[in-house]
Number of protein chains: 2
Amino acid sequence: MARRLLVVGGDAAGMSAASTAKRALGDALEVVVLERQRWTSYSACGIPYWVAGDVPALDDLVARTPEQHRANGIDVRTGTTATELDLDAGKVVARTPSGTETFGYDELVIATGAEPVSPDVPGADARGIYGVQTLADGQRLLEALQQDPQHVVIVGAGYIGVEMAEACVRRGLETVVVGTHPTPMPTIDSDLGEQIAAEMREDGIDVRTGVTVTGFETDADNHVRAVVTDHGTIETDLVVLGTGVRARTELAAGAGLPTGVKGALPVDDRGLLDADRNVWAAGDCVESRHRVSGHQVYVPLGTHANKQGWVVGRNLAGGDARFPGIVGTAMTKVVTLEIARTGLGEQHALDAGFDPLAVQIDATTVAGYMPHARSMTVKVVVDRPSRRLLGAQIVGREGAALRIDSFALALWNEMTVDELMMTDLGYAPPFASVWDPVQQAARAAVSRLGPPLR
Amino acid sequence: MARRLLVVGGDAAGMSAASTAKRALGDALEVVVLERQRWTSYSACGIPYWVAGDVPALDDLVARTPEQHRANGIDVRTGTTATELDLDAGKVVARTPSGTETFGYDELVIATGAEPVSPDVPGADARGIYGVQTLADGQRLLEALQQDPQHVVIVGAGYIGVEMAEACVRRGLETVVVGTHPTPMPTIDSDLGEQIAAEMREDGIDVRTGVTVTGFETDADNHVRAVVTDHGTIETDLVVLGTGVRARTELAAGAGLPTGVKGALPVDDRGLLDADRNVWAAGDCVESRHRVSGHQVYVPLGTHANKQGWVVGRNLAGGDARFPGIVGTAMTKVVTLEIARTGLGEQHALDAGFDPLAVQIDATTVAGYMPHARSMTVKVVVDRPSRRLLGAQIVGREGAALRIDSFALALWNEMTVDELMMTDLGYAPPFASVWDPVQQAARAAVSRLGPPLR
């Protein structure tokens, strides 16, 4: 008889695990996926571009529908929320559209993802306050935008906050962004963060940093009408929350499974959470190893979720795949300013016990004499004694951000700046200077480190 | 008394060596540079874009003028051609604008660059046949183009040939490109080369591949009027040569110094050509080690020249810098098609003793649902037993080519495709799919290699 794989959560990680295992094992594996919502395998990261109007329709964000997965032999149950996990019995109880159902399993994959963190302040449950975590969230926000609001306040100035600010200002709204950090994007050091704030202001976004939201004022219908902060009250028609997410782990924790960093599930590199009881986990509900700091971290991101799901799927099929950890690469843009980072910032490098040197350069995206050359700033953080690259951050115009991949691979391979400056990166005037900006930054660090290359 | 450094050749490698050493040693080092031409530190790679009209003026291609170098304490002698090297006496004889002069040295850097290879056929010395190796070449060609020629034939379909074809067709000329290889760009495997040929034809360029030039017909004034090939005669008003270059090593060879691959100078990784007699060399006149094949190769390219010059400069100043070799990264574009390659192609991998598997994927430059998503094709070559990446080639639209850097760094670090697919490359919908095209290609190779990841 076929073994049964039960997957809880039908987005990136869960469906990757399900598909990869099913493709390898075919009829030898029965695969059931429980998904709370109506959609599977969608890009939550695309929601800001859907709201902005770049992406025409919800369907465009769905990589594979439940029907498509079913055609591949996967039994996808949408509208089905797992409520209880019995590890000893190997069973999950779920609320389905028609009542309650119990699903037995031989192998379980927990891919329950993340949920938005709402500010714990008065009025946070008011109407007119929108998250942008799920397609349903996006749909609700787009419906609200059709009522022609004039004013929006975005709470949180991280990736989602910045992306939603662009979306709202491009839709013609008066847009205020409120963030607690001194500059937008806390994962970018504040020297570069200042450039982001300047760009946002130039784009017509009212950026208010170092500001904490203390509550929401509502009208008689419990609809938000103002955001209250420690620096005054901001009237608004609606609010978008970009205040981060946390791992959704009630199901696992309720069954007595362990939780780790920020409440995320501490899986091993094969994706196993409980080897004795055949429990795996992947995606936005698990923690990862940061390869530079060596610490366990919680970095929910679609690209990790897909890879972790693939690893679990291969291992379910008898493989020995490993998720080797992350280096903290991330990127975004605000209007025409591209933003990217990888590895450790200055403070994180200190916290992790390194002796960091930070060096910043200005460069052009392509050979400076080409008409489409644009400015970019690169900051690198280097460990003085070992001369190893620890991190890099980029802020610049079109063509700047993708260079973060070179830094990410340098971190991955524990390269020194001496070696990085000598690598064979692509060169041609329409694409790069004769010293690529990555190598200009490495060379500047080598100069500052002083002693001749040895 | 200051030691004297004599540098022969004032472009990328020579001036990098001179500047780096002078900056480190100051008055303790007297630096004299002999340069045949009028310019120093210029971008020959930019000439096609100058001809195309993207770059307004010759001066834009000069990174640092002789005057600027002189202001930094370097005695630059332009219009000065070194004609004889006496290693035992430590002297170079040169033809100067006013006669002959002899320059003694304590340390010598040979940075004589490369010279175009002219087809060895009747009529090759006709007027109206232009190289594009030096700024003077570019100037002569631009003067000829002001005579409003209608027809141009470009001999050679490599980087320069393709770039000059774009320049000429954008200037409105009827442009024919003739190449001996079955597809344009011999460093790109012919499956992808077909895409390049198709793009060129779509751009209005008459591409004739598998064709060998056998001579040039001239008029009574010895001006070219047709290119004769083994596939017929092509009438033309002018000819541009993109038939490659060879190391310019008469001075070194004449003094009894060794030559290596394709006549280039076999320096060690510190840039030393003759340690006993204080002779260094760098740039387009030296050979390099290919880190993937392990072979010595001749790959003249500005980015290597700059790095090799820097290495020699640091070593002249008492450092122990090393040029660690190359992986064969190169890129270009033709109109809107971007082209990039690194490492070994299929045949080269076989020749180097590997057991190559080639895998090709189609992807999009950014998340497929974004409006600016464009198509790209990625081919990877992998060694079956070790699962190591051996090479990669990319052909695609805007945003495709720069990804070659990720492959270049993967080669540099001898990564397997299993590891490459799991690295932490940047992800955000405006920049990449959730599996970056680099990782899609690696994943496709992992699938094709078959056995589960171990």
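Within every chain, numbering begins at 1; the chains are lettered A, B, ... in the order of the sequence lines, protein sequences first and strands thereafter.
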Q) So which part of Y427(A) gets closer than 4.5 Å to some heavy atom of chain B, the side chain, the backbone, both or neither? A)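 For Y427(A), the contact with chain B is made by backbone and side chain together.
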
Q: Can you tell which part of H304(A) gets under 4.5 Å to a heavy atom of chain B, answering side chain, backbone, both or neither?
A: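 For H304(A), the side chain is the part near chain B, not the backbone.
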
Which heavy atom in [X] sits nearest to a heavy atom in [Y], and how many Å separate them?
X: Q439(A); Y: K307(B); result: OE1-NZ, 3.4 Å
X: C45(B); Y: P429(A); result: O-CG, 3.4 Å
X: T332(B); Y: F431(A); result: O-CE1, 3.4 Å

Sort out for me which of [options] touches chain B most, counting heavy-atom pairs under 4.5 Å.
options: A330(A), A432(A), A428(A); answer: A428(A)
options: G399(A), P430(A), A12(A); answer: P430(A)
options: L301(A), D60(A), L420(A), L402(A); answer: L402(A)
options: L411(A), T423(A), T303(A), V55(A); answer: T423(A)
options: I404(A), T342(A), L61(A), N306(A); answer: N306(A)

Toward chain A, the part of [X] with a non-hydrogen atom under 4.5 Å:
X: E398(B); value: side chain
X: E163(B); value: neither
X: R291(B); value: side chain

Under a 4.5 Å cutoff for heavy-atom pairs, which residue among [options] has the most contacts with chain A?
options: S43(B), P56(B), A305(B); result: S43(B)
options: P371(B), A408(B), A24(B), S433(B); result: P371(B)
options: A63(B), G46(B), A410(B), A367(B); result: G46(B)

Side chains of [X] and [Y]: closer than 4.5 Å at any heavy-atom pair?
X: L409(A); Y: L425(B); result: yes
X: W310(B); Y: V446(A); result: yes
X: N413(B); Y: M415(A); result: yes

Q: Could you list which of residues 389-397 of chain B have a heavy atom closer than 4.5 Å to any heavy atom of chain A, in residue-number order?
A: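 Expected list: none.
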
Q.
D405(B) vs V438(A), test: side-chain contact (heavy atoms from CB on, under 4.5 Å). Steps then yes/no.
A. CA-CA 10 Å; D405(B) 286 347; V438(A) 168; over 6 Å; no

(Q) I need the E419(A) CD to R322(B) CZ distance, nearest 0.5 Å. (A)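 Going from the CD atom of E419(A) to the CZ atom of R322(B) covers 13.5 Å.
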
Q.
Distance check, rounded to the nearest 0.5 Å: W50(B) atom CH2 versus Y369(A) atom OH?
A.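 Reported value, rounded in 0.5 Å steps: 11.5 Å.
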
Q. Checking D424(A) side chain against G328(B) main chain: does a donor-acceptor pair fall under 3.5 Å?
A.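 Yes; at least one donor-acceptor contact below 3.5 Å.
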
